[in-house]
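Quick caveat: nothing in here was measured; it's all calculated off a predicted structure. Just follow the structure's listing: the first ligand is 1, and inside any ligand the first atom is 1.
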Amino acid sequence: MKNKSKYTAAAAQLGPIDPGDTKESVVARMLDLLIEAKTKETALVVFPELCLTTFFPRYYITDPANLDTYYESEVPISLMSDMFELVRKEQIIISFGYAEKDNGIPFNTSVYVDSSGNIIGKYRKIHLPGHYEYEPERPFQHLEKRYFTKGNLGFPTFDTTLGRLGMCICNDRRWPETYRVLALQGCEVVTLGYNTPKHYPLAPEHDHLQEFHNHLCMQAAAYANGMWVIASAKAGLEDDCELIGGSCIISPRGEIVAEAKTTMDELVVAQVDLNECKLIRENIFNFNLHRQPEEYKLLTKIKL
Ligand code: CDV
C-alpha cells in the first residue's frame with residue numbers, strides 16, 4: 001500500500017466509563033467513533049489509555065478474581081471484531097490501550113492495529129505513577145504501581161503507511177525523555193492516551209493547572225522534537241472522579257491544531273502533514289548538528 005505523508009488523523013476521546021459498564025458497551029461506543037472517523041476519511045484513530053473499562057487503579061481491589069476481570073491475556077480481537085473489520089475495510093490504523101496480562105505479568109499496554117487487521121505494534125507503559133499500598137487518606141486511589149509492571153519493550157517505533165509512529169501512555173507524556181528517545185529513532189507521530197484526574201491528592205494546589213500542564217508538556221515535546229502528538233483522553237465524571245478532557249492534535253510547531261470541546265465521547269480531527277517534522281528537525285532542532293549528548297551523561301546515570 002502507498003505511504004501517505006498527508007492524512008487526516010483523530011483523537012477519539014471517550015467520556016466516562018462506569019464500573020458497571022460492560023466491555024461490549026464500551027466497544028460499541030468506540031465503534032461509533034470509528035464510523036464517524038470513516039465518514040471524515042480519517043486514516044489514524046487514537047483511543048485512550050485502558051479504554052475498555054473504568055480506570056480501575058482508582059480502586060483498592062483485594063479479590064483477585066474481581067481484579068482479573070480488568071485484564072486481557074491477549075488483544076481482545078473477538079470483542080472488537082466489528083472495529084477490526086472496519087479498520088480492514090477502510091484502511092485505517094487505530095491505537096488503543098488495555099490492561100494486559102502476559103503469562104501472569106500485568107502491563108498497562110497500547111497497540112496499533114493496521115489495515116490488514118494485524119497488531120503491528122505494542123508498547124507497555126514505562127512511567128507508572130501512583131503507589132503500591134492502600135492509602136486511606138486519599139479520596140481515591142492511584143494503584144498503577146500495584147496493578148502493573150514497568151513496561152519491558154522500551155520505546156519502540158513502527159514504520160507504517162502513515163509514517164514512523166511511536167506510542168507512550170498517560171504519565172509518560174510528562175517526561176521529556178519519552179519523546180526524545182522516540183525522536184532519536186525518527187518517530188514522526190507520537191500517539192498516546194490518558195486518564196488524568198482533575199484532583200491530584202498530593203499537590204491539590206495544582207488542580208487548577210491540570211489542563212494547562214497536560215498541554216504544556218505535549219506542546220513543548222512536539223516542538224522540541226519536531227513531531228506530531230495525538231493525545232486522547234478518557235474524560236468526564238467517572239464514578240465521582242473527575243477526569244480532564246483536552247484531547248488534542250499538536251503540530252511539530254507546538255501548536256494545538258484541534259482540541260476536544262467536551263468531556264464526552266468526541267472525535268477530534270485534524271490534517272497531519274509529516275513534512276512539517278522536517279521544518280523543525282532540519283533547522284532549530286537539527287539533532288546531528290546541534291545536539292551535545294556528551295554533555296547529557298547525567299540523564300542516563302541510574303543513581304544521582
Ligand atoms: N494514568 C496516569 O498516568 N495518570 C497520571 C496522574 C496520576 C498524574 C498522569 O500523569 O496524568
State the atoms of ligand 1, each with its element, that fall below the 4.0 Å cut-off from a heavy-atom position in [X].
X	answer
Glu49	1 (N)
Asn195	1 (N), 2 (C), 4 (N)
Glu144	1 (N), 2 (C), 3 (O)
Arg174	9 (C), 10 (O), 11 (O)
Cys170	1 (N), 2 (C), 3 (O), 4 (N), 5 (C), 9 (C), 11 (O)
Arg173	9 (C), 10 (O), 11 (O)

**Prompt:** Looking only at heavy atoms, is any part of His127 under 4.0 Å from ligand 1, and if so is it the side chain, the backbone, or both, or is it neither?
**Reply:** neither
**Prompt:** Counting only heavy atoms, which portion of Phe55 has something under 4.0 Å from ligand 1: side chain, backbone, both, or neither?
**Reply:**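 Just the side chain.
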**Aromatic Phe158 / basic Arg164 pairing, under 6.0 angstrom, 45° off normal** =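 No, Arg164 does not lie over the aromatic ring of Phe158.
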**Prompt:** So, for Tyr71 and Tyr98, is the gap between ring centers shorter than 6.0 Å?
**Reply:** no
**Asked** Is ligand 1 less than 4.0 angstrom away from at least one heavy atom of Gly130?
**Response** no
**Test item, Lys125 contacting ligand 1 (heavy atom, 4.0 angstrom)** =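 It does; at least one heavy atom falls under 4.0 Å.
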**Asked** Would you say Glu90's side chain and Lys38's backbone share a donor-acceptor pair under 3.5 angstrom?
**Response**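 No.
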**Asked** Is a side-chain N or O of Glu49 found less than 3.5 angstrom from the main chain of Asn195, in a donor-acceptor match?
**Response**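 Checking the backbone N and O of Asn195 against the side chain of Glu49, a donor-acceptor pair under 3.5 Å is found.
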**Message:** Apply side-chain hydrogen bond (donor to acceptor under 3.5 Å, both in side chains) to residues Arg174 and Thr178 and explain how you reach the verdict.
**Reply:** CA-CA 8 Å; Arg174 302 184 190 273; Thr178 297; over 6 Å; no
**Message:** Quick check on Tyr200: does its OH atom have over 12 non-hydrogen neighbours (other residues, nucleotides or ligands) under 6.0 Å away?
**Reply:**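 Result for OH/Tyr200: open.
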**Message:** Holding to side chain to side chain contact (heavy atoms under 4.5 Å, CB included), I want the full list of residues that pass it with Asn152, two or more places apart in sequence or in another chain.
**Reply:**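 With neighbours one apart ignored, the set is Phe107, Arg124.
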**Request:** May I ask you to identify the nearest protein heavy atom to atom 7 (C) of ligand 1, giving residue, atom name and distance to one decimal place in Å?
**Result:** His142 CE1, 3.1 Å
